[in-house]
Amino acid sequence: SHQNLFVLLNMGEKEGFNEVAIEPLRQFAKDSMHLVKKCTKPDRKEFAAIAKAVGVGFGIMGFIGFFVKLVHIPINNILVGG
């Protein structure tokens, strides 16, 4: 009787684990494969446009960082080295 109850509990636990851990992974893999099949490689023109946009973004972020550093150096010297 106790052994049968343990087997039932154990089976339910395994099914619960399957439902919680395995099934979402299986669904994620299925969705990922669907996405990869739908995706297409960019052509040369589209790739160039994306690369240019990323390059401009890098440049802008670099200049922002440079100017922030440029402003902070004298402020830091006034506060610390005064």
Side-chain angles (χ1 to χ4, degrees):
S1 172
H2 289 293
Q3 196 171 7
N4 289 345
L5 184 62
F6 179 74
V7 168
L8 282 172
L9 285 173
N10 204 11
M11 193 174 80
E13 197 175 288
K14 187 150 175 91
E15 283 174 9
F17 174 77
N18 187 28
E19 197 174 292
V20 172
I22 305 297
E23 197 52 43
L25 289 174
R26 187 175 285 135
Q27 187 62 40
F28 177 74
K30 186 178 167 187
D31 292 342
S32 298
M33 289 302 294
H34 184 71
L35 178 70
V36 168
K37 284 178 185 172
K38 276 194 147 192
C39 287
T40 57
K41 281 178 74 173
D43 59 356
R44 196 166 198 77
K45 187 177 171 187
E46 187 181 6
F47 179 79
I50 292 168
K52 193 165 81 172
V54 169
V56 168
F58 264 89
I60 290 171
M61 293 302 288
F63 276 113
I64 290 172
F66 175 73
F67 286 120
V68 167
K69 187 76 171 169
L70 207 61
V71 169
H72 273 278
I73 289 171
I75 293 173
N76 198 24
N77 285 342
I78 291 167
L79 291 174
V80 176

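If you read the sequence from its start, that first residue is 1, and numbering goes on from there. Quick note: numbers below take in every heavy atom, side chains included, and nothing from hydrogens, waters or symmetry partners.
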Check your understanding: Under the side chain to side chain donor-acceptor pair (under 3.5 Å) rule, what pairs show up with a residue in residues 27-54, not counting sequence neighbours?
Key -> Gln27-Asp31
Review point. Linking Ile, Leu, Val, Met, Phe, Trp and Tyr through side-chain heavy atoms less than 4.5 Å apart, which residues share a cluster with Leu70?
Key: Phe63, Phe66, Phe67
Check your understanding: Between Met33 and Leu25, is there a shared hydrophobic cluster once you connect ILVMFWY residues whose side-chain heavy atoms come closer than 4.5 Å?
Key -> no
Check your understanding: Using a side-chain heavy atom cutoff under 4.5 Å and only I, L, V, M, F, W and Y, what cluster partners does Val54 have?
Key -> Ile50, Phe58
